[in-house]
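Take a look at the structure below.
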Amino acid sequence: MSERRFNPAAADGRWQAAWDKAESFKAGQRPGAPKSYVLEMFPYPSGRIHMGHVRNYSMGDVLARFRRMQGHDVLHPMGWDAFGMPAENAAMEKKVHPGGWTRSNIASMKAQLKRLGFALDWSRELATCEPDYYGQEQALFIDLYEAGLVYRKESAVNWDPVDMTVLANEQVIDGRGWRSGALVEKRKLSQWFLKITEFADELLDGLDTLESWPEKVRVMQENWIGKSVGLQFSFKLDAPVGEIDSLEVFSTRPDTIFGASFAAIAADHPIALALAETDEALASFAEECRRTGTAAAEIETQEKKGYDTGLSVIHPFDPTWKMPLFVANFVLMDYGTGAVMGVPAHDQRDLDFARKYMLPVERVVAASGDEAKPVHNEAYVGPGKLVNSRFLDGMTVEAAKAEVIRRAEAEGWGKGTTVWRLRDWGVSRQRYWGTPIPFIHCESCGVVPVPKKDLPVVLPEDVTFDVPGNPLDRHPTWKHVDCPSCGKPARRETDTLDTFVDSSWYFIRFASQPSDKPFDRAEAESWLPVGQYIGGIEHAILHLLYARFWTRALQHIGMIGMAEPFASLFTQGMVTHETYFSTDQSGRTTWYSPEEVVLEGGTAKTRAGNMPIEIGRVIKMSKSKKNVVDPDEIIERYGADAVRWFMLSDSPPERDLAWSEAGIEGAWRFVNRIWRLLGDVDGSATGEDKALDRKLHQTIDGVAKDIEALSFNKAVAKLYELTNAIEKAKPSASRTNAIRTLPLLVAPMTPHLAEEAWAEMGREGLIADAMWPAVDPALLVEDEVTIAIQVMGKLRDTITVAKGTDKATLESLALAAPNAARALDGATPKKVIVVPDRLVNLVI
RNA sequence: GCGGAUGUGGCGAAAUGGUAGACGCAGCGGACUCAAAAUCCGCCGUAGCAAUACAUGUCGGUUCGAGUCCGACCAUCCGCACCA
């Protein structure tokens with residue numbers, strides 16, 4: 001074979017330019033064709049593309065290109081989740097404007113994506129930091145406000161007194177601000193909220209309709225929403241605490257109310273706070289409770305502790321029945337009512353507590369036969385009938401729950417309630433680089449939305465970051481406006497929206513982007529819901545839940561006719577890499593990047609100093625462990641197709657993919673193998689090669705099915721098999737045909753190579769516009785099959801027969817097979833199992 | 001603790017209840033070459049000269065036949081969590 005090497009340096013750019021010029025991937029160009037919306041989660045413009053992006057977008061690209069080859073009208077867009085903290089941090093550290101920093105990052109990342117040859121409709125590119133996007137978001141926010149789904153409320157936030165800003169929970173480390181190191185304070189601020197809890201039930205029920213979502217994500221959302229059905233009721237106190245004379249509690253087990261032996265409240269409960277004013281011991285106990293962290297390990301080892309207030313609560317069904325009231329470290333103020341009734345026999349936590357403080361433990365639910373058995377150290381949480389429970393005795397748990405709720409409601413001391421873990425979504429951020437919240441505060445009119453004609457409320461450009469705090473708030477003029485309602489001087493809202501709002505509707509804006517409104521309903525509905533959404537598992541809860549909520553909210557106000565934005569979700573695995581490190585005498589670890597390391601037969605040493613170093617675990621690529629490989633350098637060396645091919649081969653897409661030098665080398669070898677093969681067309685060869693014809697059609701069929709199922713690694717394996725078969729085949733018309741078909745089969749994965757070959761073969765047009773080859777069903781089946789011959793289920797021999805050979809013939813052939821006869825050792829089978837075209841099993 | 005997933009050669013992995021390990025990586029042997037790279041041919045689960053035996057986390061079960069189905073357990077990863 002001739003010396004022939006694929007030259008990506010020339011080919012990649014040539015075909016990327018050709019696709020641009022032909023507008024090959026522009027959506028909406030195939031009227032009447034089935035529509036496919038393929039979307040990968042849009043990136044934050046941090047500055048550089050990383051391998052995780054490359055893997056994510058390679059997968060989506062294969063699907064998008066394949067759908068085009070099936071004749072679909074494909075929407076495959078790209079944009080930028082461009083607001084957020086890192087731009088402001090860069091502004092503070094590097095004295096650049098967040099806008100300039102972000103836009104230049106977008107430019108360089110876009111160039112990187114282009115170099116990978118993704119089939120994206122760049123005409124729909126959007127960045128959430130541009131007024132034409134966030135202005136429409138402001139309009140939607142006002143619409144939701146007018147529909148009563150947006151409100152303002154005082155709420156406690158993490159306040160960093162040095163940086164003068166609100167911090168997210170994730171930015172508070174050991175009670176201190178992550179940047180300033182200052183002790184974080186709890187502050188009450190007036191914040192904007194979205195009423196996601198109004199849709200809690202719908203969001204929960206909707207999960208059942210999302211059959212093409214990973215079970216894992218659905219479960220995570222279900223837990224996050226956290227629905228608990230039960231009874232909220234009040235205990236009377238035996239003595240009032242100030243003005244308070246009763247205690248509200250919530251229980252999912254009202255049926256066990258006659259098993260209650262204490263009540264407990266959180267350290268921050270109003271009753272506890274009131275008592276602590278005159279009770280120093282309680283005050284210090286409460287302080288201890290607050291200090292305890294919420295880290296998993298701490299909770300695990302945390303002992304259940306309580307402080308007896310000396311007060312009692314009175315049983316709602318029996319005014320003579322008093323139970324002690326404790327302040328307990330395991331009761332959370334921000335769940336339910338911050339107070340619980342303790343039923344030790346049927347709740348493990350209550351049981352532990354009761355044993356410690358010598359409280360009664362009485363069984364009130366029993367499985368049949370267990371009625372008289374006392375509960376020892378394990379609470380009984382199973383089903384059964386009520387015992388020791390007066391009028392509830394003999395009822396099932398379910399019936400007893402209903403009965404208690406019925407009586408509580410009739411007697412007026414309680415109500416059947418549902419409690420959710422899900423909280424309303426606080427969207428206020430005291431930040432500059434975000435969507436301005438389009439409201440004006442007027443002393444006479446209150447909170448007034450900015451009139452739609454005055455949108456967008458644009459961020460001022462002339463801001464400074466040399467002092468802490470919100471630049472919008474200290475801007476000399478920006479916030480001073482007249483009230484749109486009464487015309488008097490008023491104050492603009494200076495908070496901006498959480499960036500998760502920006503990503504809650506970008507997929508709709510991709511589908512339709514008129515300049516005068518957020519989207520056109522009919523056009524958006526023609527593409528949505530997204531047919532295949534691909535992204536990382538890290539967005540399983542927040543982004544995916546917010547987007548589901550936002551879509552439902554838009555449906556609620558009549559702007560769109562669907563509840564669920566993503567019909568099918570796929571969460572891909574991470575890109576990982578070996579780590580390299582050395583440890584010095586003082587135990588300090590130094591990490592080395594892959595290019596600083598030379599690998600030799602399972603050992604590693606530094607390139608510079610030949611110093612032996614250790615090979616660590618294979619973990620997600622991260623800057624701190626220095627196990628990062630920059631896509632640009634790899635594209636430079638091997639071209640886009642080899643990178644794409646490697647990203648799709650080896651590991652199943654939902655699992656982690658370990659990047660390795662050997663792996664990318666292998667992908668590069670394959671690209672060249674195909675390339676050499678494509679140059680080996682012998683147009684004059686004649687004759688039929690039935691086996692190769694079959695292999696070709698089985699591959700066309702199999703690869704299509706694998707791509708549909710996102711099983712890219714299997715599609716890759718099938719293409720290797722076909723390549724092997726073509727290489728081994730003798731020249732024939734069949735072989736020539738197979739080689740001429742091959743570019744089409746690899747086109748979704750290695751599009752530049754495919755175009756180059758297509759052109760070289762003198763085929764018409766771009767392969768980007770070509771159709772996936774048709775399958776001849778007759779060629780999918782073999783005419784000869786290998787039959788396994790088993791004796792007692794163990795393989796002893798094989799025979800090759802015509803497909804469809806009848807059972808009797810197979811049986812006699814099997815008995816005659818020499819190795820089978822030897823295994824039988826003269827015995828006569830007492831049973832023969834024949835599975836046509838598969839096997840014969842001789843049972844003795 | 002609860003929930004979800006995973007467990008198959010040296011490694012990444014395939015396998016409608018029907019020939020376990022396709023395909024790739026690494027490795028080994030050979031060809032070409034002055035030599036190297038590239039490429040090509042062959043071998044490659046373990047033990048054994050071989051016949052064969054043993055092999056899909058462990059232990060049981062169902063079946064003519066189990067990586068696959070059922071039951072118990074073990075390990076690893078991920079998520080959530082004093083959620084009343």
Side-chain angles (χ1 to χ4, degrees), chain A residues 1 3-5 214-220 222-224 226-228 230-232 249-253 263-264 266 292 294-296 298-300 302-305 328-332 334-343 347-350 352-353 419-421 537-538 540-541 601-602 618 645-646 649-652 654-658 660-667 669-670 672-673 676 711 713-724 727-728 786-798 819 822-823 829-835 837-844:
Chain A
M1 228 175 272
E3 193 60 30
R4 191 177 143 92
R5 265 170 97 87
E215 172 75 9
K216 182 191 175 106
V217 175
R218 289 190 288 175
V219 168
M220 281 165 76
E222 192 180 317
N223 291 341
W224 184 263
K227 180 181 188 175
S228 299
L231 173 70
Q232 184 170 327
V249 301
F250 173 75
S251 173
T252 54
R253 293 297 303 275
T292 321
T294 49
E298 282 177 83
I299 291 164
E300 199 70 30
Q302 182 71 36
E303 205 184 342
K304 310 280 172 273
K305 277 193 198 159
N329 64 349
F330 61 84
V331 181
L332 306 174
D334 56 4
Y335 186 81
T337 61
V340 298
M341 74 164 174
V343 184
D347 181 288
Q348 191 59 44
R349 194 192 46 204
D350 293 350
D352 295 345
F353 190 81
V419 168
W420 303 89
R421 209 189 81 100
I537 186 72
E538 67 273 18
I541 295 175
V618 178
W645 184 261
F646 181 41
S649 55
D650 277 347
S651 290
E654 69 278 9
R655 283 199 217 164
D656 290 352
L657 173 74
S660 70
E661 193 68 19
I664 183 68
E665 288 279 355
R669 268 203 301 276
F670 181 73
N672 275 297
R673 242 178 97 193
R676 280 193 303 276
S711 300
N713 58 320
K714 292 190 219 167
V716 161
K718 288 192 174 80
L719 289 166
Y720 270 113
E721 282 189 60
L722 178 64
T723 307
N724 291 344
E727 279 179 348
K728 286 200 171 64
T786 305
I787 303 288
I789 298 173
Q790 299 178 338
V791 176
M792 298 299 286
K794 285 189 192 253
L795 180 71
R796 294 299 171 186
D797 213 336
T798 60
N819 288 340
R822 177 144 30 99
K830 58 175 184 233
K831 195 169 168 190
V832 179
I833 313 263
V834 182
V835 183
D837 298 337
R838 277 280 177 193
L839 60 72
V840 179
N841 189 9
L842 307 171
V843 184
I844 46 178

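As the structure is a computational prediction, the values presented were derived from the model and not from experiment. Naming convention: chains lettered A, B, ... in sequence-line order (proteins, then strands); numbering from 1 in each chain.
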What's the closest nucleotide to the [X] side chain, out of [options]?
X        : options             : answer
A:Arg669 : B:U39, B:C80, B:A84 : B:U39
A:Asp650 : B:A38, B:A84, B:G24 : B:G24
A:Asn724 : B:C82, B:C23, B:C54 : B:C23
A:Arg673 : B:C40, B:A84, B:C64 : B:C40
A:Val340 : B:A84, B:A22, B:A14 : B:A84
A:Ser651 : B:A13, B:U52, B:C64 : B:A13
A:Asn841 : B:A22, B:G18, B:C82 : B:G18
A:Leu795 : B:U19, B:C82, B:C83 : B:U19
A:Arg822 : B:A51, B:C80, B:G18 : B:A51
A:Ala788 : B:A84, B:U19, B:A38 : B:U19

Worksheet item: Is the glycosidic angle of B:G9 within 90° of 0, making it syn, or outside that range, making it anti?
Response: syn
Worksheet item: Given that A:Gly663 and A:Asn672 both sit by RNA chain B, which one's nearest nucleotide is further toward the 5' end?
Response: A:Gly663
Worksheet entry | Residue met sooner reading RNA chain B from 5', once A:Gly666 and A:Glu654 are mapped to nucleotides | A:Glu654
In the strands shown, is [N] matched to any nucleotide by a Watson-Crick or G-U wobble pair with both distances under 3.5 Å, and which?
N     : value
B:A14 : none
B:U63 : none
B:U76 : B:A5
B:U68 : none
B:C82 : none
B:A55 : none
B:U33 : none

Worksheet item: What about A:Lys831: does its side chain form a donor-acceptor pair under 3.5 Å with the base of B:C64?
Response: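 Not at all, since no donor on one side and acceptor on the other fall under 3.5 Å apart.
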Item to complete: Ignoring backbone atoms, establish whether A:Lys794 has a side-chain N or O less than 4.0 Å from OP1 or OP2 of B:C64.
Response: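 No, no such contact exists.
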Discussion item. Any non-hydrogen side-chain atom of A:Ser649 less than 4.5 Å from a side-chain atom of A:Phe670?
Written reply: no
Considering only atom [atom1], compute the distance from [N] to [M] and round it to an integer number of Å.
N     : M     : atom1 : result
B:U62 : B:A66 : P     : 11 Å
B:G48 : B:A38 : C1'   : 39 Å
B:G12 : B:G7  : P     : 11 Å
B:C43 : B:A26 : C1'   : 14 Å
B:C78 : B:G71 : P     : 27 Å
B:C40 : B:C32 : C1'   : 8 Å
B:G21 : B:C83 : P     : 50 Å
B:G3  : B:A72 : P     : 13 Å

Worksheet item: Less than 4.0 Å between a side-chain N and a carboxylate O, is that true for A:Glu215 and A:Arg218?
Response: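 Yes, this pair counts.
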Worksheet item: Does any donor atom in the side chain of A:Arg822 or A:Asn819 lie under 3.5 Å from an acceptor atom in the other side chain?
Response: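 Side chains of A:Arg822 and A:Asn819: pair found under 3.5 Å.
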Discussion item. Using a heavy-atom cut-off of 4.0 Å across all strands, would you classify A:Ala662 as base, sugar-phosphate, or nothing?
Written reply: sugar-phosphate
